[in-house]
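Accompanying notes for the structure given below.
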Amino acid sequence: MKPSLFLLSVAVISTGWANHPSVSQCVQADVSVQYSIRSSKQPTERSNDVTMKPDPECSGNASITTGIQGYRGDQENLRQQRRIRQVQQGGQSNRSGIEGNTVQIRSNVQKDFYLPRLPNKVD
């Protein structure tokens, strides 16, 4: 038996996972896109203010926020602002006895697309 597989087997048996189903820690995620398509080369002013507050006792919960902000036009000075507040509390009891921090994932794509002349809108 390979050493890594042996250590994993010992960990599973010694923590009691065989007797109790494990419950994962909590997960908080925020995924967003902020973009503009315009004829101005002026960069867009953007903010993406995300606060995540997990409960230290949290287990078995997941929360995900998503957002898309887009602009198409000729505006010179453009501003996109986004503010997210996530608060997570409670959850299932964690009978595995293994404690850990809440996993937090943040992804914010920000992109300006320059088109020298925007095509006319077709109705």
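For clarity, every value in this text was computed on a predicted model and none was experimentally measured. Positions are given from 1, in the same order as the sequence printed here.
Grouped by direct or indirect side-chain proximity (heavy atoms under 4.5 Å, Ile/Leu/Val/Met/Phe/Trp/Tyr only), Met52 sits with Val50, Ile84.
The two residues Gln34 and Ser47 come nearest to each other via the heavy atoms NE2-O, 3.2 Å. Arg82 and Thr66 get closest at one heavy-atom pair: NH2-C, 3.9 Å. For the residue pair Asp74 and Tyr71, the shortest heavy atom distance occurs at N-OH, 3.4 Å. For the residue pair Cys58 and Gln88, the shortest heavy atom distance occurs at SG-OE1, 3.8 Å. The heavy-atom pair separating Thr44 from Gln80 by the smallest distance is CG2-OE1, 4.0 Å.
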Fill in: Chi angles and distances behind the side chain to side chain contact (heavy atoms under 4.5 Å, CB included) call for Leu78, Gln42
CA-CA 8 Å; Leu78 183 62; Gln42 178 87 15; over 6 Å; no
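Side-chain polar atoms of Thr65 and Gln86 form a donor-acceptor pair below 3.5 angstrom.
Rounded to the nearest 0.5 angstrom, Gln110 CD and Ser32 OG are separated by 7.5 Å. The structure places CD of Gln28 at 10.0 Å from CD1 of Ile105, a figure rounded to the nearest 0.5 Å. Separation of atoms OG (Ser39) and OH (Tyr114) is listed at 7.0 Å; rounding is to 0.5 Å. With rounding to the nearest 0.5 angstrom, the OG atom of Ser63 is 7.5 Å from the CG atom of Asn61.
Crowding of Ile68 atom CD1: a count of heavy atoms from other residues, nucleotides or ligands under 6.0 Å not exceeding 12.
Partners of Glu76 under the salt bridge (Lys or Arg N to Asp or Glu O under 4.0 Å) rule, at least two apart in sequence or in another chain, do not exist in this structure.
Lys111 forms no cation-pi arrangement with Tyr35, by the criterion of a distance under 6.0 Å to the ring centre and an angle within 45° of the ring axis.
Both Ile37 and Val109 are part of a single hydrophobic cluster, where members link through side-chain heavy atoms under 4.5 Å apart.
The stretch residues 44-53 participates, sequence neighbours left out, in these salt bridge (charged side-chain N to carboxylate O under 4.0 Å, His left out) pairs: Glu45-Arg79, Arg46-Asp112, Asp49-Arg83, Asp49-Arg85.
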